[in-house]
Amino acid sequence: MSRFNGDKFGSRRFNGETSFTKQRTVRFYDERQRPIIPTTQVSRPGAPIGINPINYKGQPDNLPWHKRIFDPTSDFILGWNRVFLFCCICALFIDPLYFYVPTINYNVNGGVTSCVESDTRLSVALTCLRSLSDLLYVIHIIIKFRTAYIHPSSTLRVFGRGELVRDPKEISLRYLKSDFAIDVAAALPLPQIVIWLIIPAIKYSTSEHNNNIVALIVLLQYIPRLYLIFPLSYEIVKATGVVAKTAWMGAAYNLVLYLIASHVLGSLWYLLTVDRQTTCWKETCKDETGCNISYLDCSFSDKNEAYQNWTLSTQVFVNCNSSNTSIAFQFGMFQPALDNESPAKGFIVKYFYSFWWGLQNLSCYGQTLQVSTYIGETVYAIFLAVLGLVLFAHLIGNVQTYLQSITVRVEEWRLKQRDTEEWMKHRQLPSELRDRVRRFIQYKWLATRGVDEESILQSLPADLRRDIKRHLCLDLVRRVPLFAQMDDQLLNAICERLVSSLSTVGTYVVREGDPVTEMLFIIRGKLESSTTNGGRTGFFNSTILKPGDFCGEELLGWALVSKSTINLPSSTRTVKALVEVEAFALRAEDLRFVANQFRRLHSKKLQHTFRFYSHHWRTWATCFIQAAWRRYKRRKMAKDLSMRESLSFNSVRSEEEEEEEENVHSSRGKQNFQNLGVKIMAASRKVGELRKLQKPDEPDFSADGFE
């Protein structure tokens, strides 16, 4: 590590010690207890000099990419493993295409003779593709030299992980002792070397020999390339749990592996078909006078008089004609390809024909094959049958598992519906209750798709669960006017404790007189809230609750009481769902905590907001206003009657009229007095009835409620 002082910061290194001042010394060590050398950086002239931050991997952030040691669980390594796995699958597809290089020309000398040759254009194209895949294998080797590993004997275990070894020398030594040889064997460009360097250097080589050498090299190198897929898939599974992110991708991955196996078997069958044809030609040529095996090679150029005489008299191609049933040579399972002259077709035609043959016989375990007594052909048929059985059981079984996982929720829901129907039938529930149960199950499925959200959230850490709840609920909670006055800290506490609640049409959320167990905040739908004021005759009040409203406010008053009892408060209203309703619910135990947080606001505005949006308070306020208005009307009526009486006594009338008016007034006064008494008694009775509607409990929003 560097010792630095003033302007010479970072210019010298002493014993892994870093001195900031004369009084303090700071040392940095990695996992192997070796000093870490920090680098220096000056942001601008005259700025204070400091150390570049050291990342959590124990290495400076400004190291060049070719000197970095990668964490095996990092996103880069995981992404590269996925990319390289795709490249390995492509390489497994490319290599068997070398088997299509040999072809048969059936139209030599006007169709009299035939010969074997190589497809040069296909060889060039395959060389380019193969070289590109080899380059990716080399890059993978370089990355593995720079990837840390977990020490096997590490005793520091945190959730299954141990100490990471980041020493380049130790990483290289471990890699050289383990997988380096296999990776190099898979990355060597052996087919290119054989085709373009070794074969041209051989003087007396034929097309048949050349094709056999290339096929042997491809088959030998195919083994390490196939092997690399398994540890690569294991690393991906160890890091993420699965190779594919979705069920469809997993099914496609296993299906592609199965198709590649069919592709390899079909390509090898094509190569063996060409080999079987040339074998027949050789055996017949050996028994024929004047026949030379080199005549069967299309590259043969010394076409002298002996060659011309042989082409006129040879019976090699007649005795090796697969369509001739009188010949003694048996072509076995290669008969269909030779009858169609598939080796003489274009690349696309013979490839798809061979691929179809491989897929067909791999799927039916080779049951349709008719083999000859040739030992190589029999061994190949046995290998195909065993491989088809294993791959079909494993890969196609995985495909079925992935596809079934897509509909597992639907199947669980269907089974739950069946069990519910059987239970309702066994208990002989009426049709009305059955319809309500079916509607609720259907609505819950549409809302949640069979996923238990609460169990998923409870399995997550508290901080992550809080962030998810905030993301899902915060915007909806802000729609509730009661919560609009709160700060983010209180809203987080509310969001963390909210649970979803679903109600179908006709469902009674709570009935009047029942204990209130939760407070509902409506998100979607409509509820009807009604009351009879404890069952009073002739009293009924009803209102509609819409999104943004709430019900169960009796529970809030109960929770805000400093010494609330265990018994829950009784509901003063009956709440019924008019349509499908989605809401958030705060249970009693959660509401007690949230109510304690309300006190921190110490706000009269919150108290007024609660009164304004509480339908219990609205009902009481309406009745209170009605009673005040009736008292006002009663007082006004009494005042008018008294004014009329005083005016009647002060009027000047004649004696005759006075006596007559006296009699009339006395009778009218008695009548008015009686009417006034009746009205006053009726008004008093109504006021008395209104007084029976008690004022709702006042929630204590003060800060001293719990003192």
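Quick note: numbers below take in every heavy atom, side chains included, and nothing from hydrogens, waters or symmetry partners.
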(request) Keeping the roles fixed (side chain from K526, backbone from I544), state whether a donor-acceptor pair exists under 3.5 Å. (result) no

(message) With a 3.5 Å distance limit and no angle check, can you tell me whether T420 reaches the backbone of K416 through a side-chain donor-acceptor pair?
(response) yes

(message) Ignoring hydrogens, what is the shortest heavy-atom contact between C551 and L545? Give both atom names and the distance.
(response) CB-CD1, 3.8 Å

(request) Please check if any side-chain donor atom of T572 sits under 3.5 Å from a side-chain acceptor atom of E512, or the reverse. (result) no

(request) Taking D590 for its side chain and L586 for its backbone only, find out whether a donor-acceptor pair lies under 3.5 Å. (result) no

(request) Report yes or no: is the cationic atom of R635 (NZ for Lys, CZ for Arg) under 6.0 Å from the centre of the six-membered ring of Y632, at an angle within 45° of the ring normal? (result) no

(request) Using atom types as modelled and distance alone, determine if a side-chain donor or acceptor of R573 lies under 3.5 Å from a backbone N or O of S529. (result) yes

(message) Could you check whether R470 pairs with D467 (Lys NZ or Arg NE/NH1/NH2 to Asp/Glu carboxylate O, under 4.0 Å)?
(response) no

(request) Work out which heavy atom in R434 is nearest to a heavy atom in M424; give both atom names and the distance. (result) NH2-O, 3.4 Å

(message) Is it the case that the side chain of T574 and the backbone of T531 share a donor-acceptor pair, with hydrogens and angles ignored and the cut-off at 3.5 Å?
(response) no

(request) Inspect the contact between R466 and D463 and indicate whether a charged nitrogen and a carboxylate oxygen are less than 4.0 angstrom apart. (result) yes

(message) So that I can tick it off, tell me whether E589 and R497 are bridged by a salt bridge, with the cut-off set at under 4.0 angstrom between side-chain N and carboxylate O.
(response) no

(request) For the pair T507 (side chain) and S503 (backbone), establish whether a donor and an acceptor sit closer than 3.5 Å, ignoring hydrogens and angles. (result) no

